[in-house]
Amino acid sequence: MSSDRVDYIAPWWTYWLHNFPHINLRFQPIDKTFQPEDENYQQSLIFLGCVAAAGLGLNLLCLAIYLSCLCCCRKEEEEESKKPNSCCVTWSAVAAGLITCVAVGVGFYGNSETNDGVYQMTYSLYNANHTLGGVDSLGITLPFGLKQVSGTMGNMRSGLHQHLARLDEIFATRGDYVQTLQFMQQMADNVIKQLLGLSDWEKAKVDLASIADQSATIEYYRWLTYLLLLILDLIICLLACLGLAKQSRWLLTTMMVFGVLTLVLSWTSLGADLATAVGTSDFCISPDKYIMSKTKDVISADIVHYYLYCNQTLSNPFQQPLAIFQRSLTTMQIQIQGLLQFAVPLFPTAERDLLGIQHLLNSSEASLHQLTALLDCRGLNKDYLDAMVGVCYDGVEGVLYLCLFSILAACAFTVMLCAIPRAWRQIACREQDYDDMDEEDPFNPRARRLGSQNPDHTNMHSFCSYSSSMGSQTSLHPPAPAVSNAPMSEYMNHTALFGGNPRYENVPLIGRGSPPPSYSPTMRATYLSMTEEQRRHFGNDFQA
């Protein structure tokens with residue numbers, strides 16, 4: 001037995017989770033010992049799920065209050081501002097996207113860690129089941145029987161007795177040979193009595209392979225569910241960002257509905273993961289105590305203690321019957337060898353039965369060596385420690401990362417659900433501003449689009465020729481000079497008054513009391529606010 005065996009030590013996060021308050025549904029504190037069959041303990045785990053449900057309700061309530069305030073307490077946009085402030089929406093979208101990416105990364109890592117831990121546990125269960133199956137199969141092949149079973153075991157025992165009965169008839173005339181056969185029969189009965197001490201093994205027989213299969217099936221569906229949830233979160237976040245970039249109201253509305261659904265799923269997964277982590281940590285704190293309490297009525301405590309701790313200070317509880325079995329086999333082989341040497345020359349018909357017994361003894365000795373190795377604590381204890389490490393280290397750690405993923409996902413989608421209504425309202429306000437603008441105003445983007453589509457406006461000349469483009473005016477075709485009595489100074493003064501840049505406009509419109517149609521709303525308001533004295537200023541300058 002190796003002296004440098006590594007004992008199981010529970011990780012620190014299991015102690016942290018074990019210290020979580022255990023409260024039943026009647027709000028009474030209960031014992032933190034792992035007792036999955038106890039109703040109060042089950043209620044304490046359900047209570048943790050209810051805490052997550054309360055967090056979901058509070059989150060939805062805060063969102064409802066925020067949306068109500070956003071709808072009822074709208075601040076009026078300033079008249080001078082034509083572009084709504086979208087900085088808050090932009091930064092909210094960036095924050096939601098970054099948090100979602102971090103959450104998905106954490107979720108993938110936690111999902112992989114949990115899967116690795118469960119895989120290590122199932123692998124250890126398969127190995128332990130293989131060891132127990134080997135012990136059981138060796139018990140069947142032993143000629144004297146490791147356990148009181150029927151079938152092949154009973155046939156082999158009856159075969160041994162048949163050999164001894166026939167030899168007793170053959171050696172009837174030789175009393176010394178008959179005494180040797182009786183001595184062998186007594187030793188065989190003594191071996192059977194000693195090996196009946198292993199009967200506890202039969203009572204404790206558990207199909208670990210079935211447990212491993214069920215665990216692997218549940219883990220596969222859990223892993224697949226979380227994988228789909230991670231992909232769903234990422235897709236919803238990307239589509240929401242796309243809707244903000246494209247200013248698509250229907251896409252934002254759809255992503256808001258899916259965001260609420262994902263928020264519910266995140267809080268639900270948080271409750272399930274938290275209950276699983278706390279329950280598993282309660283088991284990981286003292287797994288030996290729980291296993292011994294479950295097997296105290298089935299198998300001897302010394303045997304369970306031997307396999308759970310497996311140190312040099314503990315003796316093998318099967319050592320005495322196995323040693324007696326070995327000595328009995330050796331003695332019987334010596335007796336059979338002597339009969340083959342001295343009795344066969346006198347009784348040739350006894351050779352067949354003597355060789356049959358010798359063959360059974362040889363096969364029994366080989367099986368005994370294998371059985372001794374399988375009953376040693378090192379194999380089963382290693383499987384036990386590997387299973388504990390897989391569950392309590394990788395498994396619980398992965399579940400904690402999944403809890404962190406659920407929290408980050410809930411925060412990300414809360415921010416996203418706060419940003420989408422603001423973006424939706426800004427898109428609606430922008431479209432309303434376009435609807436309120438004059439269709440004939442050349443500064444209206446919609447009028448420009450309509451003008452480009454209307455063939456009746458293809459021959460219209462631009463009314464906005466600035467001085468910065470004077471170098472390209474040689475390619476312009478100015479309109480034909482109109483017949484007008486307005487002096488040139490009046491036109492130049494008018495030009496200086498409204499921008500200082502010369503324009504190709506209809507000068508006779510100056511004296512009509514209305515501004516040219518190409519002026520912007522601000523320029524029109526300035527012209528209409530002038531007095532008649534200011535409008536006649538152009539004529540006075542000309543006369544002077």
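What's counted below: heavy atoms across the whole structure, side chains too, no hydrogens, waters or symmetry copies.
- Considering only heavy atoms from C-beta on, L314 stays 4.5 Å or farther from C310 through its side chain.
- Judged by distance alone, the side chains of N40 and H22 never bring a donor and an acceptor atom under 3.5 Å apart.
- For I9, the CD1 atom is loosely surrounded, since the number of other residues' heavy atoms within 6.0 Å does not exceed 12.
- Side chains of N19 and K32 form a contact here, defined as non-hydrogen atoms less than 4.5 Å apart.
- Nearest heavy-atom pair across K294 and E37 is NZ-OE2, 3.2 Å.
- Taking all atoms of both residues into account, the shortest heavy-atom contact from T131 to L374 is CG2-O, 3.9 Å.
- When atom types are taken as modelled, the side chain of W13 and the backbone of L400 share no donor-acceptor pair closer than 3.5 angstrom.
- Taking each heavy atom of Q326 and L368 in turn, the nearest pair found is OE1-CD2, 3.1 Å.
- Under a 3.5 Å cut-off, the side chain of T122 and the backbone N or O of Y119 do form a donor-acceptor pair.
- Considering CG of D383 and CG of L208, their distance stands at 9.5 Å, rounded to 0.5 Å.
- With contacts defined as side-chain heavy-atom distances shorter than 4.5 Å, the pair M332/L329 qualifies.
- Q28 CD: more than 12 foreign heavy atoms inside a 6.0 Å radius.
- Applying the ring pair (Phe, Tyr, Trp, His ring centres under 6.0 Å) rule to F20 yields the partners W16; only residues at least two apart in sequence or on another chain are considered.
- Counting heavy-atom neighbours within 6.0 Å of K382 NZ, excluding the residue itself, gives a total of 12 or less.
- With sequence neighbours excluded, no residue satisfies ring pair (Phe, Tyr, Trp, His ring centres under 6.0 Å) with Y384.
- With sequence neighbours excluded, no residue satisfies ring pair (Phe, Tyr, Trp, His ring centres under 6.0 Å) with Y126.
- Counting heavy-atom neighbours within 6.0 Å of H359 NE2, excluding the residue itself, gives a total of 12 or less.
- For the residue pair Y8/D288, the side-chain donor-acceptor check at 3.5 Å is not satisfied.
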- How far apart are the C-alpha atoms of Y306 and F318, what are their side-chain angles, what is the distance that settles it, and do they pass the side-chain contact (heavy atoms from CB on, under 4.5 Å) test? CA-CA 10 Å; Y306 171 70; F318 305 111; 5.5 Å; no
- Message: Would Y307 and D376 count as a side chain to side chain donor-acceptor pair (under 3.5 Å) here? Give the steps.
- Response: CA-CA 8 Å; Y307 286 106; D376 188 80; over 6 Å; no
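- For Y393, the OH atom sits in a packed shell: over 12 heavy atoms of surrounding residues, nucleotides or ligands are nearer than 6.0 Å.
- Every ring pair (Phe, Tyr, Trp, His ring centres under 6.0 Å) that H305 has, sequence neighbours left out, goes to Y309.
- Smallest separation of non-hydrogen atoms from L45 and A275: O-CB, 3.6 Å.
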Atom pairs and distances, side-chain donor-acceptor, residues 99-108, under 3.5 Å, sequence neighbours left out:
| unit_1 | atom_1 | unit_2 | atom_2 | d |
| --- | --- | --- | --- | --- |
| T100 | OG1 | A96 | O | 2.7 |

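- Among all heavy-atom pairs drawn from T114 and G395, the shortest one is OG1-O, 3.8 Å.
- Counted by atom type alone, Q42 and N24 present zero donor-acceptor pairs between their side chains at under 3.5 Å.
- In this structure, E397 and Y109 have side chains that are in contact, with non-hydrogen atoms separated by less than 4.5 Å.
- Side-chain contact between M256 and L417 is present, with at least one heavy-atom pair separated by less than 4.5 Å.
- A 4.5 Å side-chain heavy-atom check between I303 and T295 finds every atom pair outside the cut-off.
- Side chain of T14 to backbone of A10: no donor-acceptor contact under 3.5 angstrom is found.
- Taking every heavy atom of both residues into account, W267 and A52 meet most closely at CE3-O, 3.4 Å.
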- Task: Might you work through the side-chain contact (heavy atoms from CB on, under 4.5 Å) test for F34 and Y41, ending with a clear yes or no?
- Result: CA-CA 8 Å; F34 182 70; Y41 185 80; 3.4 Å; yes
- Item | From CA spacing to verdict: side-chain contact (heavy atoms from CB on, under 4.5 Å), D386, Y123 | CA-CA 9 Å; D386 290 342; Y123 183 78; over 6 Å; no
- Message: Applying side-chain contact (heavy atoms from CB on, under 4.5 Å) to M121 and M388, what does each step give before you reach the verdict?
- Response: CA-CA 7 Å; M121 181 198 70; M388 289 297 99; over 6 Å; no
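- Summarising the geometry, atom CD1 belonging to I30 is positioned 3.5 Å from atom OG belonging to S44; distances are rounded to the nearest 0.5 Å.
- For N362 (side chain) and Q358 (main-chain N/O), a donor-acceptor pair under 3.5 Å exists by modelled atom type.
- Counting only distance, with no hydrogens or angles, the side chain of N381 and the backbone of L308 share a donor-acceptor pair below 3.5 Å.
- The backbone N or O of Y290 sits less than 3.5 Å from a side-chain atom of S293, completing a donor-acceptor pair.
- Judged by distance alone, with hydrogens and angles left aside, the side-chain atoms of T280 form no donor-acceptor pair with the main-chain N or O of A277 at under 3.5 Å.
- Enclosure of atom OH in Y220 is not indicated, since only 12 or fewer non-hydrogen atoms of other residues, nucleotides or ligands lie within 6.0 angstrom.
- Counting only residues at least two apart or in different chains, salt bridge (charged side-chain N to carboxylate O under 4.0 Å, His left out) contacts with residues 216-225 comprise E219-R222.
- A side-chain donor-acceptor contact under 3.5 Å links S269 and S406.
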